[in-house]
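Okay, structure first, notes after.
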Amino acid sequence: MPVPLALAAPAAVAGLAYLNAKTGFSYDYSLLGPLAKATIQVNRRAKNDTLNPFYILEEHARGLLANKTLLIYDGQRWTYKEVYIAALKYGTWMKKAYGIKSKELVAMDFMNSDKFIFVWFGIWAIGAKPAFINYNLTDKALVHCIKVSTARLVLVDPQVQDNITQEVRDGLSAVEMVIFTPELQSVVMAIQEKREKDSERSEAKAIDMGMIIFTSGTTGLPKGAIVSWNKVIRASLIVPAWNEFSKADTFYTCMPLYHSSASILGFCMVLIEGATICLGRKFSTKTFWVDVRVSDATVIQYVGETCRYLLSASPEIDPATGENLDRQNNVRMAFGNGLRPDIWNRFKDRFGIEAIAEFYTSTEGTTGSWNYSRNDFGKGAVGRLGMFAKFLMRNTSALVELDWETEQPWRHPKTGLCRRVKEGEPGELLFWVDANDIPAKFQGYFNNPSATEGKIMRDVFKKGDAWFHTGDMIFRDSEGRSFFSDRIGDTFRWKAENVSTNEVSEALGHHPKVQEANVYGVELPHHDGRAGCVALVLAEQPNETLLSDLASHARKRLPRFAVPVFLRFINEMQLTGTNKQQKHAIRVQGVDPGKVGKDDLYWLKEGTYVKFSEDDWSELNAGKIRL
Ligand SMILES: *[C@@H]1O[C@H](CO)[C@@H](O)[C@H](O)[C@H]1NC(C)=O
Ligand SMILES: *[C@@H]1O[C@H](CO)[C@@H](O)[C@H](O)[C@H]1NC(C)=O
Ligand SMILES: *[C@@H]1O[C@H](CO)[C@@H](O)[C@H](O)[C@H]1NC(C)=O
Ligand SMILES: *[C@@H]1O[C@H](CO)[C@@H](O)[C@H](O)[C@H]1NC(C)=O
Ligand SMILES: *[C@@H]1O[C@H](CO)[C@@H](O)[C@H](O)[C@H]1NC(C)=O
Ligand SMILES: *[C@@H]1O[C@H](CO)[C@@H](O)[C@H](O)[C@H]1NC(C)=O
Ligand SMILES: CC(=O)N[C@H]1CO[C@H](CO)[C@@H](O)[C@@H]1O
Ligand SMILES: CC(=O)N[C@H]1CO[C@H](CO)[C@@H](O)[C@@H]1O
């Protein structure tokens with residue numbers, strides 16, 4: 001049955017009775033309605049050639065929302081009409097000063113600000129396409145991304161101009177790098193805007209590229225994911241239908257706009273819905289709630305460990321009244337990805353937030369899933385399917401068994417086909433794509449056919465079929481809830497058992513003194529598999545009591561083989577730009593005391609953790625110790 005499923009699993013309608021939630025009937029209904037509506041909308045826009053979201057901005061700016069605030073940044077408010085005019089001016093300038101043409105790519109290296117939005121929509125206004133560059137990139141990775149984008153013009157936020165070193169310029173001799181200074185900005189805003197004719201923004205198909213967003217590869221160089229018009233519009237239409245986001249809302253995000261969470265599931269969603277967005281320059285526990293209060297935000301966005309950092313910051317106290325400001329906000333929903341069950345309720349309770357809308361998706365992925373949860377039933381779940389949707393979904397998503405040696409889906413020795421996991425067992429999540437028309441669902445990476453093909457698996461359940469690899473291990477319970485288990489490559493084997501790093505860090509996260517735990521497997525000389533190691537940020541200096549308490553806490557909550565063998569105390573976790581923990585560097589350093597810098601290492605001995613010394617490491621290397 002050709003059901004237009006853009007997103008794999010839905011969120012429930014609030015207030016459903018528990019039983020109803022269990023059978024999942026109205027739940028399915030709430031899933032399919034928005035999907036169908038989004039499909040109709042995309043088809044209409046394809047037909048009247050208004051796929052470029054510039055038109056959505058224009059429709060609002062010329063309509064009833066003209067004088068409504070669209071954007072709040074740094075205390076300044078911009079109405080729909082003002083943002084529209086600014087976009088036209090920026091577009092006119094790029095065309096006049098640099099001769100930017102329709103369909104051409106323009107790279108932008110910007111931190112969050114109102115300028116980010118003006119440049120982005122200015123590019124769209126003249127039918128060109130933006131490539132968002134992660135402003136934290138330097139050196140080779142920066143040069144690589146700009147080269148991949150094919151842009152001959154790069155606009156750079158003055159705040160990150162130190163990253164544009166002479167080496168970077170030398171590596172990009174044919175590219176014009178323009179630092180977008182406040183003076184230049186005044187020049188642009190003084191320009192008489194000119195609206196290009198519609199033919200400049202003409203797009204043949206909804207699956208055509210609207211922009212490039214780079215994925216933050218933890219190893220290797222970033223890849224430029226092609227983001228289609230279809231994806232921008234659909235996601236922005238479907239999500240509000242599930243998490244009850246509406247015109248009346250003010251959305252606060254300080255997640256970086258170069259990433260799809262803040263740009264598409266933030267700004268574009270707000271724009272399409274006709275709501276208001278407040279942008280924070282970057283994440284900081286010091287400014288987060290201030291921005292929320294000042295903008296009177298009703299929805300906040302989080303990614304990765306953002307909520308954990310908010311939770312570990314001390315409460316803000318009003319200096320005049322002595323009042324605790326934690327709950328002095330109007331936030332009804334936190335929307336994002338990465339909130340873990342160990343802090344789910346603590347976060348809601350402390351800041352007085354009623355609902356959590358946790359989503360699962362990726363920039364280049366073909367679909368996503370969501371859970372809107374006001375109670376505990378969905379705690380930590382990322383998606384849910386009722387019986388009906390499950391039946392429909394059977395052919396478009398699958399969880400398959402993994403071969404732990406190769407870290408690829410297991411293949412039957414005779415037939416070469418994969419096998420679905422049993423309920424409750426983790427498997428790699430795959431999404432179906434049409435083998436004869438892969439780009440219909442998966443547009444891949446820009447100018448990178450080998451990386452694109454690398455995300456596609458063929459001959460999965462029958463000869464000739466094709467599926468998209470998510471690289472994520474997911475399990476579903478009997479209630480139809482799905483839970484994230486681990487990234488493939490993170491899970492490790494120890495004592496011939498599989499250890500999910502996500503599960504272990506969650507268990508440790510429940511310990512009152514643990515602020516943050518990042519779990520990974522380290523290779524040890526003369527041992528098979530990888531031993532569990534956890535990089536810990538603690539609320540206080542560890543003493544003997546705490547060390548033995550940590551050990552017994554882990555033993556109580558985890559199977560023996562999953563109890564971390566090593567602890568590494570660190571001051572600050574290595575993070576990606578979206579507050580996700582990095583494992584790669586610390587995993588490579590392992591537990592070689594010569595490689596971990598000043599950090600203290602401990603290991604499990606006789607029921608507690610004790611210092612792990614250079615001598616212990618030598619003995620391990622000499623094969624004198626067996627763990
Ligand atoms: C799923 O696929 C099978 C064969 O691959 C087909 O017989 C069945 O009709 C499909 N079901 C749906 C709901 O598309
Ligand atoms: C194109 O279609 C969309 C979706 O139906 C509609 O909102 C928009 O007003 C249309 N634009 C034009 C110029 O016809
Ligand atoms: C917006 O404000 C202008 C100027 O005050 C006014 O002329 C216009 O009618 C307003 N538009 C809407 C849609 O309210
Ligand atoms: C590890 O996971 C794989 C794939 O799910 C499974 O086949 C294997 O039996 C597991 N090993 C253990 C010891 O659980
Ligand atoms: C160790 O630290 C704990 C707090 O984690 C404290 O309650 C305890 O008194 C300390 N014990 C010793 C022996 O210092
Ligand atoms: C990125 O840059 C911001 C702003 O300067 C900085 O606070 C942050 O630590 C950097 N993040 C990474 C992952 O380098
Ligand atoms: C090497 C360098 O200058 N890196 C900077 C790049 O820009 C970000 C954002 O301002 C800074 O945090 C880095 O220090
Ligand atoms: C996956 C999952 O459990 N979904 C939950 C999402 O939120 C609703 C409303 O609270 C729950 O009923 C669902 O079970």
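Ligands are counted one by one from 1 in listed order, and the atoms in each one are counted from 1 as well.
- Using a 30° and 60° split on the angle between ring planes, Phe283 and Tyr309 fall in the tilted class, from 30° to 60°.
- Atom numbering of ligand 3 starts at 1 in the shown order; those under 4.0 Å from a heavy atom of Leu64 are 13 (C).
- Of the protein's heavy atoms, Arg45 NH2, 3.4 Å lies nearest to atom 7 (O) of ligand 2.
- Nearest to atom 5 (O) of ligand 5 among the protein's heavy atoms is Glu540 OE2, 2.4 Å.
- Of all non-hydrogen atoms in Ala554 and Val563, the two that sit nearest each other are O-CG2, 3.8 Å.
- More than 12 heavy atoms of other residues, nucleotides or ligands lie within 6.0 Å of CG in Asn543, so this atom counts as buried by the packing criterion.
- Summarising the geometry, atom OG1 belonging to Thr276 is positioned 9.5 Å from atom CG belonging to Leu71; distances are rounded to the nearest 0.5 Å.
- Of the protein's heavy atoms, Gly63 O, 3.5 Å lies nearest to atom 13 (C) of ligand 3.
- Applying the 4.0 Å criterion to heavy atoms of Gln41 picks out, from ligand 2, the atoms 4 (C).
- Heavy-atom contacts of Asn543 reach the following atoms of ligand 5: 1 (C), 2 (O), 3 (C), 8 (C), 10 (C), 11 (N), 12 (C), 14 (O) (cutoff under 4.0 Å).
- Distance screen at 4.0 Å: atom 2 (O) of ligand 3 has a protein heavy-atom neighbour inside the cut-off.
- For ligand 5, the atoms sitting less than 4.0 Å from at least one non-hydrogen atom of Lys513 are 5 (O), numbered in the order shown with element in parentheses.
- Residue-ligand proximity, Thr50 to ligand 2, at heavy-atom distances under 4.0 Å covers atoms 1 (C), 11 (N).
- Atom 8 (C) of ligand 3 has Asn67 ND2, 3.8 Å as its closest protein atom, hydrogens excluded (heavy atom only).
- A parallel orientation is assigned to the rings of Phe566 and Trp603, their planes being inclined by less than 30° (bins at 30° and 60°).
- Using a 4.0 Å cut-off between charged nitrogen and carboxylate oxygen, Glu193 and Lys95 do not count as a salt-bridge pair.
- With a 4.0 Å cut-off on non-hydrogen atoms, Glu544 does not touch ligand 5 at all.
- Using cut-offs of 30° and 60° for the angle between ring planes, the Trp120 and Phe267 rings count as tilted.
- Considering only non-hydrogen protein atoms, atom 10 (C) of ligand 2 sits nearest to Asn48 ND2, 2.5 Å.
- With a 4.0 Å cut-off on non-hydrogen atoms, Lys47 does not touch ligand 2 at all.
- Residue-level proximity to ligand 3 for Leu65 is absent, since no heavy atom of it falls below 4.0 angstrom.
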### Task
For side-chain hydrogen bond (donor to acceptor under 3.5 Å, both in side chains), just list the numbers for Glu58 and Tyr84, CA-CA rounded to whole Å, side-chain angles, deciding distance to a tenth of an Å, and then say yes or no.
CA-CA 6 Å; Glu58 182 168 72; Tyr84 172 67; 2.4 Å; yes

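- The ring of Tyr602 has its center no closer than 6.0 angstrom to the ring center of Phe612.
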